[in-house]
Amino acid sequence: MVCIDSTDKKVKVLVVDDHVMVAEGTVLLLATDPGIAVVGTAKNGQECISEVKAKKPDVVLLDINLPDICGIDLVDKLKEINPEIKIIMLTGQNPQEYITVSLDKGAQGFLLKDCSKNEMTQAIFTVNQGNVYFSQSMGIFLRSAVISKQENAEREQIEGLLGRTLTGREQEIMNFVAKGLHNKEIAAQLGIKTRTVDFHVSNILLKFGVSSRLEAVLSWTQGDKK
């Protein structure tokens, strides 16, 4: 008869926090839930990596501030060990600056350390099922993070468009480049020095992010003309 470990039916959790009392308190809280098995604790990044390799937890409750590494940077390392591992970031401070980068790296949840036991267990079960969970008290931080991300995206788009916009002189030069004229010929047509044309052509290539005159012409004629 094969003996089945009871923890196989539970969500295996690793608690990572450099404050021993906080970690022990979290373990005691989670121990009262029949659907969760705390398989270990770690007080720094190195111990966390060792525990993940040895205990193979389903979910890691990961403190952002660890003595040897930032918890956010540790997410990458844990995902390399097990891409399917679920990570909930824990913080006792304003999490606004950490939310976006944590999600981008693959974290599935975010909890404030003053959350209730019920919320913590709910978060664990939620992320273990493949969903994302945020602490109920993080609404204001989430809105700020989303707005900030949108503003950054819009700013990058505008800067990109501005960077690709040609000046009046550059448009004149591109007209001649498109006709196959060389820089010396363009200079003669415009009554300016050849080195001035050289400068403008180099700037045009940079704006379009290309390395040849032909690529610049193609970009210019396929909707990038301003």
Colleague: Side-chain heavy atoms under 4.5 angstrom apart, residues restricted to Ile, Leu, Val, Met, Phe, Trp, Tyr: same cluster for L28 and L61?
Modeller: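 No, L28 does not connect to L61 through the hydrophobic network.
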Colleague: Under a 4.0 Å N-O cut-off, is there an ion pair linking E80 with K77?
Modeller: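 Salt bridge between E80 and K77, a charged N being under 4.0 Å from a carboxylate O: no.
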Colleague: Answer yes when K10 and D33 have at least one side-chain N-carboxylate O distance shorter than 4.0 Å, and no when they do not.
Modeller: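 No, K10 and D33 are not salt-bridged.
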Colleague: Do you know the tightest heavy-atom contact between I81 and I49?
Modeller: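 Minimum heavy-atom separation between I81 and I49: CD1-CG2, 3.7 Å.
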Colleague: Would you check if the side chain of K105 reaches a backbone N or O of D73 as a donor-acceptor pair within less than 3.5 Å?
Modeller: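 No, the answer is negative, given that no donor and acceptor are paired below the 3.5 Å cut-off.
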Colleague: Determine whether the side chains of N128 and D58 contain a donor N or O and an acceptor N or O closer than 3.5 Å.
Modeller: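 Distance-only check fails for N128 and D58.
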Colleague: Whether the E170 and N203 side chains hold a donor-acceptor pair (N or O, under 3.5 Å, no angle test) is what I'd like checked.
Modeller: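 There is such a pair (donor and acceptor under 3.5 Å, judged by atom type) between the side chains of E170 and N203.
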Colleague: Could you check whether S116 and E119, counting side-chain N and O atoms only, form a donor-acceptor pair closer than 3.5 Å?
Modeller: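 No, because no side-chain N or O of E119 sits under 3.5 Å from a partner of the opposite role on S116.
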Colleague: Hey, quick one: are I192 and V177 part of the same hydrophobic cluster, counting side-chain heavy atoms closer than 4.5 Å, chains of contacts allowed?
Modeller: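 I192 clusters together with V177.
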Colleague: If you define the side chain from C-beta out and look only at heavy atoms, does anything of F176 sit under 4.5 Å from V197?
Modeller: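 A side-chain contact is absent here, since even the closest heavy-atom pair is not under 4.5 Å.
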Colleague: Taking side-chain contact (heavy atoms from CB on, under 4.5 Å) as the criterion, tell me which of I186, V217, V201 meets it with M174.
Modeller: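 It is V217, the one option of I186, V217, V201 that forms the side-chain contact (heavy atoms from CB on, under 4.5 Å) with M174.
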Colleague: Closest heavy-atom contact between G35 and F125?
Modeller: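 Where G35 meets F125 most closely, the heavy atoms are O-CE2, 3.7 Å.
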Colleague: Is there a side chain to side chain contact (heavy atoms under 4.5 Å, CB included) between Y133 and I124 once you walk through the steps?
Modeller: CA-CA 8 Å; Y133 187 92; I124 291 171; over 6 Å; no
Colleague: Between E215 and S212, does the side chain to side chain contact (heavy atoms under 4.5 Å, CB included) criterion hold? Intermediate values first, please.
Modeller: CA-CA 5 Å; E215 290 175 308; S212 71; 3.1 Å; yes
Colleague: Side chains of T126 and Q122: do they bring a donor and an acceptor to under 3.5 Å?
Modeller: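 Q122 and T126 do not have a side-chain donor-acceptor pair below 3.5 Å.
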Colleague: So, for V127 and Q108, which heavy atoms are closest and what is the spacing to 0.1 Å?
Modeller: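 V127 and Q108 have their closest heavy atoms at CG1-O, 3.6 Å.
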Colleague: Between R195, R213, H200, K193, which is the residue that forms a side-chain contact (heavy atoms from CB on, under 4.5 Å) with N183?
Modeller: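 In the set R195, R213, H200, K193, the residue that makes a side-chain contact (heavy atoms from CB on, under 4.5 Å) with N183 is R213.
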Colleague: Could you tell me which non-hydrogen atom of D17 sits nearest to which non-hydrogen atom of H19, and how far apart they are?
Modeller: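 Heavy atoms only, the tightest pair is OD1-N, 2.8 Å.
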Colleague: Specify the closest pair of heavy atoms between L29 and K117, including all atoms of both residues, with the distance to one decimal.
Modeller: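 Minimum heavy-atom contact is O-CE, 3.4 Å.
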Colleague: Could you tell me which non-hydrogen atom of P57 sits nearest to which non-hydrogen atom of V13, and how far apart they are?
Modeller: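 P57 and V13 have their closest heavy atoms at CB-C, 4.3 Å.
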Colleague: Does K43 pair with D18 as a salt bridge, N-O distance under 4.0 Å?
Modeller: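 Here K43 does not pair with D18 in a salt bridge, since their nearest N and O are not under 4.0 Å apart.
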